[in-house]
Amino acid sequence: MISRRFCISGLVEIKEAIYSIVREIKPEDNLLIYYAGHGSLDEEINKGYWQPVDAELDDPSNWISNSSSILYPKASIKNCAVLSLSLTR
């Protein structure tokens, strides 16, 4: 069983943390990804984004889509849950 807690804030740090866990996770493990921070909602396409601390408000290239495949790893695991508490700017 892997038991880790990450307190990270930047885009690269978030991706690195998720990828490091996915490399070690076992089929009997559960994964919980919890995000609390800023976000944005594109109402035209009804799509939400996380905005890490290094995100620019007018540059979505460093935002994380809440439907991004990095948040839902294809690793063979028992359960994966994403809990997101994001405030829109």
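Heads up: numbering here begins at 1 and tracks the sequence.
- From S84, atom OG reaches atom CD1 of I64 across 10.0 Å, with rounding to the nearest 0.5 Å.
- When the side chains of ILVMFWY residues are joined at heavy-atom separations under 4.5 Å, either directly or via intervening members, Y34 and V82 end up in two distinct hydrophobic clusters.
- A continuous path of Ile, Leu, Val, Met, Phe, Trp and Tyr side chains, each step under 4.5 Å between heavy atoms, connects L85 with L32, placing both in one hydrophobic cluster.
- Counting all heavy atoms, side chain and backbone alike, I77 lies closest to D29 at CB-O, 3.7 Å.
- Within the 4.5 Å cutoff, the side chain of L57 has heavy atoms near those of the Q51 side chain.
- With sequence neighbours excluded, the residues forming a side-chain contact (heavy atoms from CB on, under 4.5 Å) with K47 are I45, Y49, S65, S67, listed by chain and number.
- Scanning for side chain to side chain donor-acceptor pair (under 3.5 Å) contacts around D58 gives an empty result, with sequence neighbours left out.
- Taking the side chain as every heavy atom from C-beta outward, P52 and I14 approach each other to under 4.5 Å.
- Not one N or O on the side chain of E24 forms a donor-acceptor pair closer than 3.5 Å with the backbone of I21.
- Within the 3.5 Å criterion, the main-chain N or O of E56 finds no donor-acceptor partner in the side chain of D59.
- Contact of the I18 side chain with the I33 side chain is registered, since non-hydrogen atoms from C-beta on lie closer than 4.5 Å.
- Taking CD of E28 as the start and CG of N30 as the end, the distance is 9.5 Å to the nearest 0.5 Å.
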* Report the C-alpha separation of W63 and S40 in whole Å, then their side-chain angles, then the decisive distance to 0.1 Å, and conclude whether the side chain to side chain donor-acceptor pair (under 3.5 Å) test is met. => CA-CA 9 Å; W63 299 358; S40 177; over 6 Å; no

